[in-house]
Peer 1: 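Dumping the structure here so I can ask a few things about it.
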Number of protein chains: 2
Amino acid sequence: MKKQDRGLALKMGQKSEEVSAILKALAHPQRLLILCHLAQGEKTVGELEQLCSVSQSVTSQFLAKMKTQGLVSSEKRGLHVIYSIEDERVAKLMSSLYDIFCK
Amino acid sequence: MKKQDRGLALKMGQKSEEVSAILKALAHPQRLLILCHLAQGEKTVGELEQLCSVSQSVTSQFLAKMKTQGLVSSEKRGLHVIYSIEDERVAKLMSSLYDIFCK
DNA sequence: TGAGTATATTATAATATTGTAATATGAAAA
DNA sequence: TTTTCATATTACAATATTATAATATACTCA
């Protein structure tokens, strides 16, 4: 094993709880889609429901959990609640996923 | 929404089942660690057990499932079974995760 | 104020994942 | 050929996730 590789494994070991928790949030077809749309800009709950074909309740539950995790943030604007990606690492990850799986 | 962004969302929509299934495989602290070590080169089951502090049974179960998914492959060599990453996209993803979360 | 709209919350059943313990297999060494 | 070592498999209890349906909140507008 090369020196730099040992470093990689070590750092991953320290972070594996945090990183796997984030991956778990993305590890659902419709949550992944929700984040994919949010990666392109803020959206209301209703927009996400339609774009991703997820029920009102599930959309709201998913967003609430991801907000608790600090992955997204929300802002009330009139009747609507607008969500955006809060964790920059999630934004980067979505971009990598696009590069790896969709090009 | 920009044209290129609609493209991104569309492609992600088509792929979201497959991609989220792969993410699910990584979305566990010790499986992530296993893949992190495999990303640095082939390893025996016993090596992975020790490197990741996972029981024999669980290590084997995790590897079996990831093999069924096509993410890793195995080869018997003498007494040992050696695993490696089979899906190049997983290797790329591990590398991206390192860049995003460990730098 | 009252109706309608957008979102959140709760309870719950169905299903999936996780970890443990015990046992099985199969190759190599003694 | 029996033993030992490395890995795989199985059964199962504990826990977590998912989706649905029903209800609640809270804001806006007539």
Side-chain angles (χ1 to χ4, degrees), chain A residues 13 16-38 41-86, chain B residues 13 16-38 41-86:
Chain A
S16 71
E17 294 277 350
E18 185 188 6
V19 176
S20 63
I22 291 175
L23 291 171
K24 199 165 167 181
L26 312 208
H28 181 285
Q30 293 168 317
R31 274 196 308 264
L32 185 60
L33 216 45
I34 286 174
L35 288 169
C36 175
H37 284 289
L38 288 181
E42 53 182 34
K43 300 273 180 300
T44 69
V45 179
E47 283 170 339
L48 292 171
E49 280 174 51
Q50 298 219 322
L51 286 166
C52 308
S53 309
V54 190
S55 74
Q56 189 274 316
S57 181
V58 168
T59 306
S60 184
Q61 287 177 62
F62 281 169
L63 289 168
K65 192 163 189 190
M66 292 194 285
K67 186 178 172 184
T68 298
Q69 255 191 96
L71 306 187
V72 303
S73 59
S74 68
E75 186 191 344
K76 208 164 287 188
R77 257 183 241 165
L79 260 183
H80 300 263
V81 177
I82 293 168
Y83 279 82
S84 0
I85 291 189
E86 169 74 11
Chain B
S16 71
E17 294 276 351
E18 185 188 7
V19 176
S20 63
I22 292 175
L23 292 171
K24 199 165 169 183
L26 312 208
H28 181 286
Q30 293 168 318
R31 273 198 308 263
L32 185 59
L33 216 44
I34 285 174
L35 288 170
C36 175
H37 284 290
L38 288 181
E42 53 182 33
K43 298 273 181 297
T44 69
V45 179
E47 283 170 339
L48 292 170
E49 279 174 51
Q50 298 219 324
L51 286 166
C52 308
S53 308
V54 190
S55 74
Q56 190 274 315
S57 180
V58 168
T59 306
S60 183
Q61 287 176 61
F62 282 170
L63 289 168
K65 193 164 187 185
M66 292 194 285
K67 186 177 171 184
T68 298
Q69 256 191 95
L71 306 187
V72 303
S73 59
S74 69
E75 185 192 342
K76 207 165 287 188
R77 257 183 241 165
L79 261 182
H80 300 262
V81 177
I82 293 167
Y83 279 83
S84 0
I85 291 189
E86 169 74 11

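Numbered from 1 within each chain, the chains take letters A, B, ... in sequence-line order.
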Peer 1: Closer than 4.0 Å, any side-chain N/O of B/K24 to the OP1 or OP2 of C/dT17?
Peer 2: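 B/K24 to C/dT17 OP1/OP2: side-chain N or O found under 4.0 Å.
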Peer 1: Checking A/L79 against A/T44 for the side chain to side chain contact (heavy atoms under 4.5 Å, CB included) test, could you report, in this order, the C-alpha distance in whole Å, the side-chain angles of both residues, the deciding distance, and whether it holds?
Peer 2: CA-CA 10 Å; A/L79 260 183; A/T44 69; over 6 Å; no
Peer 1: Side chain of B/S60: nearest nucleotide among D/dT17, C/dG19, D/dT9?
Peer 2: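 From the listed options, D/dT9 comes nearest.
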Peer 1: Distances under 3.5 Å between protein N/O atoms and the N/O atoms of nucleotides 21-26 of chain C, please, pair by pair.
Peer 2:
unit_1 : atom_1 : unit_2 : atom_2 : d
C/dA21 : N6     : B/S57  : OG     : 2.8

Peer 1: Can you check whether B/Y83 has a side-chain N or O nearer than 4.0 Å to OP1 or OP2 of D/dA6?
Peer 2: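 Indeed not, no polar side-chain atom of B/Y83 lies that close.
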Peer 1: Who passes side-chain contact (heavy atoms from CB on, under 4.5 Å) against B/Q56, sequence neighbours left out?
Peer 2: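 side-chain contact (heavy atoms from CB on, under 4.5 Å) check on B/Q56 returns B/E49, B/S60.
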Peer 1: Round to a whole Å and report the spacing from CG of B/L32 to P of C/dT17.
Peer 2: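 Answer to the nearest Å: 17 Å.
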Peer 1: Which part of the nucleic acid does B/V45 contact within heavy-atom distance under 4.0 Å: base, sugar-phosphate only, or nothing?
Peer 2: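 Sugar-phosphate contact only - B/V45 comes under 4.0 Å of backbone atoms but never of a base.
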Peer 1: Take atom CG of B/L63 and atom C1' of D/dT9, then tell me their distance rounded to the nearest Å.
Peer 2: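 Rounded to the whole Å, the gap is 14 Å.
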Peer 1: Under 4.0 Å, counting only non-hydrogen atoms across every strand here, what does B/K67 touch: a base, just sugar-phosphate, or nothing?
Peer 2: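 Nothing: the residue B/K67, judged by heavy atoms under 4.0 Å, touches no strand.
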Peer 1: Rounded off to whole Å, could you give me the CD-to-C1' distance for the A/E49 and C/dT5 pair?
Peer 2: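 Atom-to-atom, A/E49 to C/dT5, this comes out as 12 Å.
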Peer 1: Provide the closest heavy-atom pair for A/A25 versus A/R31 in the form atom of the first, atom of the second, distance.
Peer 2: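 So the minimum-distance heavy-atom pair works out to O-NE, 2.7 Å.
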Peer 1: For B/Q30 and C/dT18, what is the distance between atoms CD and C1' respectively, to the nearest whole Å?
Peer 2: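 Those two atoms, CD and C1', are 10 Å apart.
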Peer 1: Between C1' on D/dA8 and CD on B/E75, what's the gap in Å once rounded to a whole number?
Peer 2: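 Rounded to the whole Å, the gap is 18 Å.
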Peer 1: Which heavy atom in A/L33 sits nearest to a heavy atom in B/S16, and how many Å separate them?
Peer 2: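 Scanning both residues completely, I find the closest heavy atoms to be CD1-CB, 4.3 Å.
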Peer 1: Name all pairs fulfilling the ring-ring contact (aromatic ring centres under 6.0 Å, His included) condition that reach into residues 64-85 of chain B, sequence neighbours left out, sorted by first residue then second.
Peer 2: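 Pairs touching residues 64-85 of chain B that pass the test: none.
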Peer 1: Pick base, sugar-phosphate or nothing for B/V58, based on heavy-atom distances below 4.0 Å to the nucleic acid.
Peer 2: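 Contact class for B/V58: base.
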Peer 1: Give a yes/no answer on whether the side chain of A/R31 brings an N or O atom under 4.0 Å of OP1 or OP2 in D/dT18.
Peer 2: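 For D/dT18, OP1 or OP2 has a side-chain N or O of A/R31 closer than 4.0 Å.
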Peer 1: Measuring to OP1 and OP2 of C/dG19, would you say a side-chain N or O of B/H28 lies under 4.0 angstrom away?
Peer 2: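 Affirmative; the distance criterion is met.
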Peer 1: Any side-chain heavy atom of B/Q69 within less than 4.5 Å of one from B/K24?
Peer 2: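 No, too far: nothing below the 4.5 Å cut-off.
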Peer 1: Using whole Å, report how far CD1 of A/I82 lies from C1' of C/dA8.
Peer 2: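 Answer to the nearest Å: 17 Å.
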Peer 1: What integer distance in Å separates B/L26:CG from C/dT18:C1'?
Peer 2: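 Between C1' of C/dT18 and CG of B/L26: 17 Å.
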Peer 1: For a quick test of reading the model, state the closest non-hydrogen atom pair linking A/H37 to A/K43 and the distance between them.
Peer 2: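 Between these two residues, the closest heavy atoms are O-NZ, 3.6 Å.
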Peer 1: Using whole Å, report how far NE2 of B/H80 lies from P of D/dA8.
Peer 2: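 My rounded result for the distance is 12 Å.
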